[in-house]
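What follows is a set of notes on a single structure, which appears directly below.
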Amino acid sequence: MRQPHLSSVVERRLLVNYRVAPDIAERLLPAPLRPQLVHGHAVAGLCLLRLGSVRPAWAPKILGLRSENAAHRIAVEWDGPDGVETGVYIPRRDTASPLNAWAGGRLFPGEHGRADFEVDETPGRVSVALAARDGGTRVDVTVEVTDELRGSALFADLAEASRFFRGGAKGFSATGAGRHLDGMELQTDAWQVEACRVRSAASSFFDDPERFPPGSATLDCALVMRDVPVSWKPLPAMASERAAQLAG
């Protein structure tokens with residue numbers, strides 16, 4: 001089945017980022033992906049995403065849907081036909097939308113689990129908590145929006161962080177079958193992010209000592225994108241035989 005291009009508005013995209021020991025990140029990745037390093041660190045994190053006006057690109061905006069979603073991400077690179085490419089590997093996606101959970105991996109790339117979300121958001125503060133219905137993950141994050149990026153060991157300033165994450169527009173997601181990775185590319189001419197100060201961050205994924213031994217994953221920074229129109233382009237699936245074993 002040919003998968004459609006989708007249009008939407010990113011009402012809020014909160015990126016909570018960790019610097020990770022490269023060898024630990026590498027063992028979480030299926031070939032042919034490898035960690036993309038920044039100052040000797042791998043980069044991983046959470047994407048807490050509220051989408052509005054989601055619809056096929058040809059459909060009017062009024063028919064679009066709205067949903068809360070979450071993705072665990074690791075910045076990656078791989079060898080493409082024209083050289084090294086960059087993007088993110090997504091071992092897990094969750095959504096509050098029954099439609100997204102059904103359609104993901106069928107009508108558009110990206111299989112989703114179901115999760116319950118609690119959101120408290122103002123112009124200067126964002127709190128997002130989620131609990132996956134299968135018990136696989138829990139997240140509870142609160143950030144405050146600031147005028148500049150402070151305290152990051154990965155990025156010197158907001159502009160450098162913005163360039164890095166804009167370069168990770170291609171996302172490849174684990175699939176239950178484990179024989180390939182679903183691919184989707186975010187496209188926008190209105191890219192803009194703000195810096196945040198993390199007030200609290202808990203993640204059963206990053207706080208798991210078996211997955212990330214003590215000291216191997218350190219909270220680094222957070223960014224938020226708001227009210228940005230985007231489109232989502234399906235990408236050809238990437239062959240992989242280890243994705244199912246690494247997911248979860």
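Basis for what follows: all heavy atoms, side chains included, without hydrogens, waters or symmetry-related copies. All values derive from a computational prediction rather than experimental measurement. By convention here, the first residue in the shown sequence is residue 1.
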List for me each residue that meets side chain to side chain contact (heavy atoms under 4.5 Å, CB included) alongside P213, sequence neighbours excluded, and say none if there are none.
I24, R27, S216
Spell out, as yes or no, whether a donor-acceptor pair under 3.5 Å connects the side chain of E11 to the backbone of R226.
no
Restricting to pairs with a member in residues 184-197, which pass salt bridge (Lys or Arg N to Asp or Glu O under 4.0 Å), not counting sequence neighbours?
E144-R197
What pair of heavy atoms forms the shortest contact from G176 to E111, and how long is it?
N-OE1, 3.0 Å
Salt bridge (Lys or Arg N to Asp or Glu O under 4.0 Å) filter on R166, not counting sequence neighbours, yields none
Taking side chain to side chain contact (heavy atoms under 4.5 Å, CB included) as the definition, give me every residue that meets it alongside A59, ordered by chain and number, with sequence neighbours left out.
R55, P56
Any ring pair (Phe, Tyr, Trp, His ring centres under 6.0 Å) involving residues 9-32? Give me the pairs, sequence neighbours left out, ordered by first then second residue.
Y18-F206
Is the shortest heavy-atom distance from the side chain of S8 to the side chain of S53 under 4.5 Å?
no
On a heavy-atom basis, the closest approach of C47 and R73 is CB-CD, 3.4 Å
Are V143 and L14 close enough that some pair of their side-chain heavy atoms sits under 4.5 Å apart?
yes
For residues 43-84, which residue pairs pass the ring pair (Phe, Tyr, Trp, His ring centres under 6.0 Å) check, not counting sequence neighbours?
H72-F205, W78-F172
Minimum side-chain heavy-atom gap L158-R163 below 4.5 Å
no
Given side chains that start at C-beta, do those of L15 and M225 come closer than 4.5 Å, heavy atoms only?
no
Side chains of F165 and V193, heavy atoms from C-beta outward: is any pair under 4.5 Å?
no
Within the side chain of S204, is there an N or O that forms a donor-acceptor pair under 3.5 Å with the backbone of R138?
yes
Are L28 and I90 connected into the same hydrophobic cluster when the rule is that any two of I, L, V, M, F, W, Y join if their side-chain heavy atoms are below 4.5 Å apart?
no
Any chance CD of E85 has more than 12 other-residue heavy atoms, nucleotides or ligands included, within less than 6.0 Å?
yes
Would you say CD of Q187 has more than 12 non-hydrogen atoms from neighbouring residues, nucleotides or ligands within 6.0 angstrom?
yes
Residues forming a salt bridge (Lys or Arg N to Asp or Glu O under 4.0 Å) with D140, sequence neighbours excluded:
none
Taking C-beta and beyond as the side chain, do L181 and L33 meet within less than 4.5 Å on heavy atoms?
yes
Counting C-beta onward and ignoring hydrogens, is there a side-chain heavy-atom pair between P22 and L37 closer than 4.5 Å?
yes
Measure from the side-chain N and O atoms of T86 to the backbone N and O of G167, and report whether any donor-acceptor pair falls under 3.5 Å.
yes
Single-linkage hydrophobic cluster L223~F164, side-chain heavy atoms < 4.5 angstrom:
yes
Is V76 reachable from L46 through a run of hydrophobic residues whose side-chain heavy atoms are each under 4.5 Å from the next?
yes
Not counting sequence neighbours, list each pair that qualifies as a ring pair (Phe, Tyr, Trp, His ring centres under 6.0 Å) and has a residue in residues 182-201.
none
Under 3.5 Å, is there a donor-acceptor pair between the side chain of D207 and the main chain of S203?
yes
Donor-acceptor contact present, side-chain T188 to main-chain P229, <3.5 Å:
yes
I want to check something: taking the side chain as every heavy atom from C-beta on, are T142 and V126 in contact at a cut-off of under 4.5 Å?
no
Is a side-chain donor-acceptor pair under 3.5 Å present for S67 with T95?
no
Out of V141, L48, D116, which one pairs with L130 under the side-chain contact (heavy atoms from CB on, under 4.5 Å) rule?
L48
Indicate, with yes or no, if L149 and V43 share a hydrophobic cluster defined by side-chain heavy-atom contacts under 4.5 Å among Ile, Leu, Val, Met, Phe, Trp and Tyr.
yes
Taking every heavy atom of A217 against every heavy atom of V20, the minimum-distance pair comes out as CB-CG2, 4.2 Å
Side-chain donor or acceptor of T175 paired with backbone N/O of H180 under 3.5 Å:
yes
Is there a donor-acceptor contact under 3.5 Å from the side chain of D182 to the main chain of G110?
yes
Side chains of D94 and N69, donor plus acceptor under 3.5 Å:
no
Going by the ring pair (Phe, Tyr, Trp, His ring centres under 6.0 Å) test, which pairs reach into residues 92-146, not counting sequence neighbours?
none
Evaluate the criterion side chain to side chain contact (heavy atoms under 4.5 Å, CB included) for residue pair L51 and V10; output intermediate values, then yes/no.
CA-CA 5 Å; L51 292 175; V10 171; 3.9 Å; yes
Same cluster for V198 and V145 if Ile/Leu/Val/Met/Phe/Trp/Tyr side chains link at under 4.5 Å?
yes
Residues which pass salt bridge (Lys or Arg N to Asp or Glu O under 4.0 Å) with E68, listed by chain and number, not counting sequence neighbours
R12, R50
Would you please test T137 and R92 for side chain to side chain contact (heavy atoms under 4.5 Å, CB included) and show each step?
CA-CA 9 Å; T137 190; R92 182 175 180 113; 3.5 Å; yes
Given side chain to side chain contact (heavy atoms under 4.5 Å, CB included), test L29 with I74 step by step and report yes or no.
CA-CA 8 Å; L29 298 175; I74 302 171; 3.9 Å; yes
What side chain to side chain donor-acceptor pair (under 3.5 Å) pairs are there with at least one residue in residues 36-45, not counting sequence neighbours?
none
Smallest heavy-atom separation, A153 atom then D220 atom, equals N-OD1, 2.9 Å
Would you call D79-R34 a salt bridge at under 4.0 Å N-O?
yes
Which pair of non-hydrogen atoms, one from N100 and one from S97, has the smallest distance, and what is that distance?
N-OG, 3.0 Å
Mind checking side chain to side chain contact (heavy atoms under 4.5 Å, CB included) for D157 and listing every partner two or more places apart, or none if nothing turns up?
A159, E160
Minimum heavy-atom distance D208-E210, with the two atoms named
OD1-N, 3.0 Å
Check the pair R93 / S173 against side chain to side chain contact (heavy atoms under 4.5 Å, CB included), numbers first and verdict last.
CA-CA 8 Å; R93 293 183 183 270; S173 305; 2.9 Å; yes
Step through the shown structure and confirm whether more than 12 heavy atoms of other residues, nucleotides or ligands are within 6.0 Å of CD1 on I62.
no
